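Read through the structure below, which is laid out as structure tokens, and then see the notes.
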There are 2 protein chains.
Amino acid sequence: MKTSRPLVERLIIEANRLTRIAALATGTTTPAAIWRTLSILSTDGSMRVGDLARASRVTQPTMTKLVQSLAEDDLILRIADVEDSRAWLIAATPKGVAALDAWRVELGEALQPMFADLSPAETETLEKAMVILESRTALATRIAQTARTRKVA
Amino acid sequence: MKTSRPLVERLIIEANRLTRIAALATGTTTPAAIWRTLSILSTDGSMRVGDLARASRVTQPTMTKLVQSLAEDDLILRIADVEDSRAWLIAATPKGVAALDAWRVELGEALQPMFADLSPAETETLEKAMVILESRTALATRIAQTARTRKVA
DNA sequence: CTAGCTATATAGTTTTGCTATATACTTTTG
DNA sequence: CAAAAGTATATAGCAAAACTATATAGCTAG
């Protein structure tokens, strides 16, 4: 283990580990692609199939099929885009948001034992760190979204 | 967005988001399974195919095939287990560790802009939070490993 | 209005990962 | 200690997922 690893690098390593440990701790077999898609819609709002595919790092045909399957389960819905009738806006339904939320609760509970014995000072440090992280990731997704080649009105 | 979400839950949500954003920012097409496997071996040391499969959340035959392909690229090597000649110990090679490290550097650099303007106080908060996180995830993987049904000598 | 461009859908193929099972070795038991 | 039962990995065959290529429909520029 390098001692001189930059902070941001340590951050992404721990993020990957936490993600892996949490998935391991819950017994769910639901494909990660479903949660990833619902997470993106939940944080970034409704968007087109193509944008969703890019954000989720799959090809557009793959996302089209995933969206079809999610729509069948009423987890998302497809709204006609008034500005461009070729496109659809994909939005999470209340049921979809609830399913995502339940999964997050499950993940949180699975990780809980690891953090059960945090001291008040440690809890405060993590709370502060979360506020910082949350502000940065919120910014990042906005950048990613505008990266789409979009006509300026 | 819930305001009353528990700390641990916010943590896993941000971990997922960071993982997603970082993957998006780099253009790599290398399957995630490869990095996941190398990460596990790197942090938890050499282990058997079966344990590696469980840790990586794939079936044993899938891991057998992945291990074969990684061995062909000299990213891992298979050591005979002296205690049980049915089993192999899988270990990351120096080349494997280097590849993992390069990928982590790339992820870190991709996220760098998001964190370029941290104040000294914010940096310190994140540094402290990382120390806490690193100690907890280190603990967690040890627990997962002993969870294997292992004969006591 | 036509030519070219863009958004999503479909078809067909490749890849990935699964279940079932075989093989080799270890452990338990009578 | 030999036979039976159990465990670790490997292989075979199949199912699911995701890709490339392309079709279809709608938009936009000249």
Side-chain angles (χ1 to χ4, degrees), chain A residues 20 23-24 27-38 40-41 46-73 76-91 145-153, chain B residues 20 23-24 27-38 40-41 46-73 76-91 145-153:
Chain A
R20 186 154 48 74
L24 198 56
T28 51
T29 58
T30 315
I34 288 180
W35 302 127
R36 193 170 54 236
T37 303
L38 286 175
I40 294 168
L41 289 176
S46 62
M47 63 177 78
R48 297 177 173 195
V49 170
D51 289 338
L52 198 48
R54 265 182 292 278
S56 191
R57 281 170 61 75
V58 296
T59 58
Q60 171 265 311
T62 298
M63 184 50 71
T64 292
K65 268 197 275 187
L66 181 55
V67 159
Q68 284 167 351
S69 124
L70 288 172
E72 276 171 23
D73 295 340
I76 60 106
L77 56 85
R78 299 149 55 101
I79 308 161
D81 188 332
V82 287
E83 288 181 352
D84 185 343
S85 60
R86 292 167 303 179
W88 297 94
L89 287 178
I90 311 303
Q145 209 160 7
T146 30
R148 182 165 73 83
T149 52
R150 190 200 305 257
K151 281 290 177 314
V152 231
Chain B
R20 185 155 49 74
L24 198 57
T28 51
T29 58
T30 315
I34 288 180
W35 302 126
R36 194 170 53 236
T37 303
L38 286 175
I40 294 168
L41 289 175
S46 61
M47 65 176 76
R48 298 177 172 195
V49 170
D51 289 338
L52 198 49
R54 265 183 292 278
S56 192
R57 280 169 63 76
V58 295
T59 59
Q60 171 263 312
T62 299
M63 185 50 71
T64 293
K65 268 196 278 187
L66 181 55
V67 159
Q68 284 167 351
S69 122
L70 288 172
E72 276 171 22
D73 296 340
I76 60 105
L77 55 87
R78 300 149 55 103
I79 308 161
D81 188 331
V82 287
E83 289 181 351
D84 185 342
S85 60
R86 291 167 305 179
W88 296 94
L89 288 177
I90 312 303
Q145 209 159 8
T146 31
R148 184 164 71 84
T149 52
R150 192 200 306 256
K151 280 293 177 314
V152 229

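In this text the structure is predicted, and so the values were computed from the model without any measurement. Letters A, B, ... are given to chains in the order of the sequence lines, protein chains preceding strands, and every chain is numbered from 1.
Distance from the side chain of B:Arg48 is smallest for D:dT9 among the nucleotides D:dT9, C:dC25, D:dC27.
Between the CD1 atom of B:Ile76 and the P atom of D:dT9 there is a distance of 12 Å, rounded to whole Å. The interatomic distance linking A:Glu83 (CD) with C:dT6 (P) rounds to 17 Å, in whole Å. The distance from atom CH2 of A:Trp88 to atom P of C:dT8 is 10 Å, rounded to the nearest whole Å. The interatomic distance linking A:Ile34 (CD1) with D:dA17 (C1') rounds to 12 Å, in whole Å. For A:Gln68 and D:dA18, the CD to P distance is 14 Å, given to the nearest whole Å. Between A:Arg86 atom CZ and D:dA25 atom P the separation is 14 Å, expressed in whole Å. Counting to the nearest Å, the P atom of D:dG26 and the CG atom of A:Asp81 are 14 Å from each other. At whole-Å resolution of the value, CG in A:Leu66 and C1' in D:dA16 are 13 Å apart.
Annotation: the span from B:Arg57 atom CZ to B:Ile40 atom CD1 amounts to 11.0 Å, rounded to 0.5 Å. To the nearest 0.5 Å, the span separating CG on A:Leu70 from CZ on A:Arg78 amounts to 11.0 Å.
OP1 or OP2 of D:dA10 lies within a sub-4.0 Å distance of a side-chain N or O belonging to B:Thr64. When the side-chain nitrogen and oxygen atoms of B:Arg78 are compared with OP1 and OP2 of D:dA10, one or more of them lie within a distance under 4.0 Å.
Judged by distance alone, the side chains of A:Thr64 and A:Gln60 do bring a donor and an acceptor atom under 3.5 Å apart.
Residues B:Ala55 and A:Arg20 share a closest heavy-atom pair of O-CG, 4.2 Å. Here the closest heavy-atom approach between residue A:Met63 and residue A:Val58 is recorded as CE-CG2, 3.8 Å.
For the salt bridge (Lys or Arg N to Asp or Glu O under 4.0 Å) test, residues two or more places apart in sequence or in another chain that qualify with B:Asp84 are B:Arg48, B:Arg86.
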Can you pull every protein N or O that's under 3.5 Å from an N or O on nucleotides 13-19 of chain C?
{"residue": "C:dC18", "atom": "OP2", "partner": "B:Thr59", "partner atom": "N", "Å": "3.1"}
{"residue": "C:dC18", "atom": "OP2", "partner": "B:Thr59", "partner atom": "OG1", "Å": "2.8"}
{"residue": "C:dC18", "atom": "OP2", "partner": "B:Thr62", "partner atom": "OG1", "Å": "2.5"}

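When each of B:Leu89, B:Leu66, B:Ile90 is checked for a side chain to side chain contact (heavy atoms under 4.5 Å, CB included) with B:Leu52, only B:Ile90 meets the rule.
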